[in-house]
Amino acid sequence: MPAAEIRVTLPDGSQKVLPAGATAADLAKAIGPGLAKAALAAKVNGEVRDLARPLSDGVAVEILTDKHPQALDVLRHSSAHVLATAVRQLFPHAKIGFGPPIEDGFYYDFEVPTPFTPEDLARIEAKMAEVTAADYAFVREEVNRAEAKRRFTDDPLKLERIDDLGPDEVISVYTDGPFVDLCRGPHVPSTGRIKHFRLLHAAGAYWRGDERRQMLQRIYGTAWFTKDDLEAYLRRLEEARKRDHRLLGKQLDLYSIQEDVGPGLIVWHPKGAMVNFQLRRFIEDVILERGYQLVYTPHVTREQLFLRSGHLPLYAENQFPAMAAGEGEAEDVRYRVKPMNCPMHILIYASQQRSYRDLPIRLAEIANVYRNERSGTLHGMLRVRGLSMDDAHIFLREEQIAQEIFELLDIVELVFGKTFGLAYRLDLATRPAKKLGTDATWDQAERALEDALRRRGTTYRVDHGGGAFYGPKIDVKFNDAIGREWQGATIQLDFELPERFRLEYTGADNRPHRPVMIHRAIYGTLERFVGFLIEHFAGAFPLWLSPEQVRVLPIADAQVAAARRVAEALRAAGLRVHVDDRSDTLNYKIRDAETHKVPYMAVVGQREAEAGSVAVRARGAGKKQEVLPVEEFVRRLVNEVRSRALNPLV
RNA sequence: GCUGACGUAGCUCAACUGGUAGAGCAGCGGUUUUGUAAACCGCAGGUUAAGGGUUCGAGUCCCUUCGUCAGCUCCA
């Protein structure tokens, strides 16, 4: 005999008794009318479900309202259905693909004969408003496979999906008004709960992400619980757009990419080159203090070298084509522009006998390498074909791995944490199924990496099976000033190349041993890192990196000579300074310096010229100014540069 | 590489359905000598990405190539 009542547990531990067959919506109603109205979905034993589904005895239930982070995913998933509902009304023959929630929004893929235009999007968005106004309930049904196929006879993509479902999987379909979709759910109770949404753009997307399959048309949108959230999100997009390094790079005259030179190739203008130079100088100082040795190797090498390293068979797609041999060389000798430096650094290692006492040997080179990235992937400085890697290869004994990794993480902390003030995260990627080297070697290597991570006391995540076939690695991830995640340093162990090149050192036992190799980059590439810095600082670099550090502004022509003397004093202290001696108003000069994001303006009027002082205005500080003797100003700036301060000290 | 959109002065953008390529800023010249985010007047600046085609006539329509952008795929 079925029980007449069920008992469920609420998040606060209290229990509630409901009639058998009661749904989560009933539970919300039983708790209070306010909650019933606000309820969007329910979390039953940890799984998010529709409100309309019946509860069973003994479950733990949490009613999700718009306060719950997971409710947003439900809202967005339902928004995707509303989008598809609208598209089907306007384009009845559109075949439907997938429509999941994603970070900040949702998308839905459609197979249509012609791509959507911006005008289509506007029409679809208007139709979506009708669908939400109609407030259709989302109705869930569980069906068997045959029934599911019958319902989607006209949707080949859905049929394919049904065929992929395992025999034990529950097949559910959701209906909202005129639209039926194969979908696991859950959904908000009705389309009327979706109020604040916006379609963003449409673009092609391969069916199931497979470039050999047909291309569908994907429409992206965003949805939020409140108007404020939606507007804040749109403002965030706008903020990101204003920080775009491609825009700022042009405005601040940092670099260009020119058709005459080629796509993906960065032309560093003097100001961008100064940022690049300061970063190089910094990292070179850091590593030279830590026992690294600088090397320089050629941009092109015989192709044979990359054959031996094993790159060519695997990597050829990303390499530029071979060049013919030089005059006097056999015809079959070909050259390649290098896509990486490791083989050449290995040859330096192998150029003489090495003793165990010499290890670790750390060879570093900030080198330009070239990779023939597919044209569609190029993106400003962030994805390029000419890369300046701050590369190094460390050759060491297995038992030295832990200590070396510890020291590498120290550099990571110095650069990312201390110097740039970034909160970063470390990801440890361990052995994949298909791998090189013995389990014992991997055991030791992985243990060594974990030892180092633990000794540093930093938190890290383990990506099981995420390592390369030739060794485990640690990746550094961090967030920028507006919360976006970036990939930074990478530290990669390698058992493969020492093998291929038969590298050796002589051990204390007077016998040959094989060293381990570490590939590592701290910035990654200067292109990407500078691109990141531009966006992170919105072009307002800290003093030590600023291409122009001080602009001296004489108020009238009479003070130009005094201004030049100030500039001379600054320049003598190693500061990058420019005198704006144009016959424009002070207002104009200030505006110009601000728009060029110069950290300091030093105003020299008659008073300052007579007193040997400057009126200092810091970038972005408005009218707040401080009058300082020139020597004091110089002293403070030098200190700010030396300490690589992130914020102005004046 | 794929799909779509786009490419006009150094920059940002105009030019109705094909009918004389314009403006602001920047630049240059002059006037002004300025006290904390744009002084005033003037001048110059273009093979409309490149090449081909249709047309009496092409920035505008068609084709090819190059490039950019949004994604997909790939990645430091």
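Chain letters run A, B, ... following the sequence lines, proteins first and then strands; every chain starts at 1.
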Which is true for A/Y206 with a 4.0 Å heavy-atom rule: it touches a base, it touches only sugar-phosphate, or it touches nothing? base

Using a 4.0 Å heavy-atom cut-off across all strands, classify A/R208 as base, sugar-phosphate, or nothing. nothing

Answer with base, sugar-phosphate or nothing: what part of the nucleic acid does A/R617 contact at a heavy-atom distance below 4.0 Å? base

Separation of the P atoms in B/rC62 and B/rU68, to the nearest angstrom: 23 Å

Determine the Euclidean distance between corresponding C1' atoms of B/rG19 and B/rG42; express it in Å to zero decimal places. 32 Å

Determine the contact category for A/Q217: base if any of its heavy atoms lies under 4.0 Å from a base atom, sugar-phosphate if only primed atoms, P, OP1 or OP2 are that close, otherwise nothing. sugar-phosphate

Could you pick out which residue, A/R246 or A/G376, lies toward the 5' side of RNA chain B when each is mapped onto its nearest nucleotide? A/G376

Contact check, side chains of A/L121 and A/I219, non-hydrogen atoms, under 4.5 Å: yes

So which nucleotide does B/rU17 pair with, by the Watson-Crick or G-U wobble rule with both distances under 3.5 Å? none

Could you tell me if A/N587 and A/R591 have a donor-acceptor pair between their side chains, going purely by distance under 3.5 Å? no

Does A/D73 use its side chain to pair, donor to acceptor, with the backbone of A/P101 at less than 3.5 Å? no

Of the nucleotides B/rU73, B/rA76, B/rA38, which one has an atom closest to the side chain of A/Y588? B/rA38

Answer with base, sugar-phosphate or nothing: what part of the nucleic acid does A/E608 contact at a heavy-atom distance below 4.0 Å? base

